[in-house]
Protein chains: 2
Amino acid sequence: MKQQKQRETHVGERAQYEELTRQLSAVGAVRRQLDRNLPGGCSSGTAVVLALLDRDGDLRIGRLAELLGVDMSVTSRHVAHLAERGWIDRSPDPADRRSRILRLTPEGRDRLAELSDRAAELLAVRLSDWSDEDIHRLTSLLSRLRASFDDTPTRIPAVTC
Amino acid sequence: MKQQKQRETHVGERAQYEELTRQLSAVGAVRRQLDRNLPGGCSSGTAVVLALLDRDGDLRIGRLAELLGVDMSVTSRHVAHLAERGWIDRSPDPADRRSRILRLTPEGRDRLAELSDRAAELLAVRLSDWSDEDIHRLTSLLSRLRASFDDTPTRIPAVTC
DNA sequence: TATTGTTATACTCTATAACTATA
DNA sequence: TATAGTTATAGAGTATAACAATA
């Protein structure tokens with residue numbers, strides 16, 4: 001007879017979560033394959049920053065970091081990288097001189113179009129047997145997943161280590 | 001009148017793919033949050049390796065690398081890490097002395113249970129308002145996405161750079 | 001000669017902490 | 001004193017290439 005701690009989660013739930021965790025980790029391989037298909041010096045991260053600026057208009061670093069789900073320091077470096085290449089513009093924020101306003105340059109817009117095209121070409125090949133509905137469903141569920149993880153980072157207190 | 005290359009993908013498709021790319025990138029933030037909830041020295045990568053060995057039984061490094069979607073050299077290092085901690089066992093493969101057979105140890109099984117529990121606890125909180133059906137749907141779609149990217153790595157020849 | 005796995009090296013992405021400038 | 005952003009540093013994850021042992 002095995003001593004076993006009683007958990008709140010059922011066995012079936014745990015198996016389901018285990019599988020989800022595995023699939024979430026595997027997404028990295030997909031992302032890397034998309035990255036390898038982009039022209040030099042560009043990752044999907046680059047494309048996402050440009051796409052967010054294209055979609056949401058002017059942003060500050062802090063807000064962009066929130067949207068990306070990474071630390072502000074990381075965002076700052078990425079942004080510097082893109083600014084050096086002339087793809088985004090950092091103008092002083094008149095309302096708060098600690099901040100700068102990020103804006104896509106025309107060159108940045110061109111670059112975004114190019115990166116989007118390249119990603120779309122690969123996705124069109126890979127997802128050729130996917131219905132529009134399934135692609136949309138996956139996108140929506142990922143968006144919802146992200147929202148579920150968005151607010152105050154839940155850190156469950158450690159019991160063992 | 002702007003000179004513009006005619007692409008095979010329509011505008012609507014490109015927007016859809018752009019959004020999917022963004023959501024796939026954002027998965028990293030979710031995975032990192034799961035990682036932060038695991039005990040020291042463990043990442044979701046650790047848990048996934050253990051889970052694969054638990055699910056599929058004995059594996060060789062090459063096969064494990066395939067399942068993980070990463071290079072064999074990377075897998076080799078991860079496996080060495082886990083073997084040092086006594087969570088997996090590497091016994092010589094009698095059929096091919098270049099290979100070793102990876103097997104979960106009892107300690108590894110305990111560790112996996114612990115990591116699974118920790119991940120499940122966080123997921124249970126974060127996905128408390130998700131239906132089982134939606135969780136399953138997301139898992140299935142991610143699994144299918146991975147399968148779509150699994151075979152021969154499609155590298156579309158670069159046109160500009 | 002080809003294949004399996006390991007190791008050395010370099011690169012990217014990330015977080016933490018120290019720091020500057022401004023609120 | 002608190003906040004927005006930058007930079008320095010360190011750690012994890014990955015790929016490429018060179019290598020060893022075996023097929």
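None of these values were measured; they are calculated from a predicted model. We name chains A, B, ... by the order of the sequence lines, and we start the count at 1 in each one.
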Item to complete: Spell out protein contact along nucleotides 1-8 of chain C as letters: B when the base is contacted, S when just the sugar-phosphate is, - when no protein heavy atom is under 4.0 Å; keep the 5' to 3' order.
Response: --BSBSB-

Round to a whole Å and report the spacing from [atom1] of [X] to [atom2] of [N].
X	N	atom1	atom2	value
B:R36	D:dG11	CZ	P	18 Å
A:H81	C:dT14	NE2	C1'	16 Å
A:D93	D:dT6	CG	P	12 Å
A:L102	D:dA4	CG	P	14 Å
B:L34	D:dG13	CG	C1'	17 Å
A:D35	D:dT16	CG	P	13 Å
B:Q33	C:dA15	CD	P	11 Å

Worksheet item: Hey, what else clusters with B:M72 if you join Ile, Leu, Val, Met, Phe, Trp, Tyr whenever side-chain heavy atoms sit under 4.5 Å?
Response: B:L38, B:V48, B:V49, B:L50, B:L52, B:L53, B:L59, B:I61, B:L64, B:L67, B:L68, B:V70, B:V74, B:V79, B:L82, B:W87, B:I88, B:L102, B:L104, B:L112, B:L115

Worksheet item: If you round to the nearest 0.5 Å, how far is CG of B:L127 from CZ of A:F149?
Response: 5.5 Å

Worksheet item: Do you know which of B:D56, B:D93, B:D54, B:D58 makes salt bridge (Lys or Arg N to Asp or Glu O under 4.0 Å) with B:R103?
Response: B:D58

Worksheet item: By salt bridge (charged side-chain N to carboxylate O under 4.0 Å, His left out), which residues pair with A:R97, not counting sequence neighbours?
Response: none

Fill in: Closest to the A:V70 side chain, choosing from C:dT22, D:dT14, C:dA15
C:dA15

Fill in: DNA chain C contacts among residues 18-30 of chain B, heavy-atom distance under 4.0 Å
none

Worksheet item: Are the side chains of B:L20 and A:L142 in touch, meaning some heavy atoms are under 4.5 Å apart?
Response: yes

Practice prompt. Name all pairs fulfilling the salt bridge (charged side-chain N to carboxylate O under 4.0 Å, His left out) condition that reach into residues 65-75 of chain A, sequence neighbours left out, sorted by first residue then second.
Written response: A:R63-A:E66

Worksheet item: Does the B:R118 side chain pair with the main chain of B:N37, one donor and one acceptor, at a distance under 3.5 Å?
Response: yes

Response to the item:
Given the options B:Q33, B:R31, B:R32, B:D35 meets side chain to side chain donor-acceptor pair (under 3.5 Å) only with B:R31

Discussion item. Applying side-chain hydrogen bond (donor to acceptor under 3.5 Å, both in side chains), can you list everything that pairs with A:R90, at least two apart in sequence or on another chain?
Written reply: none

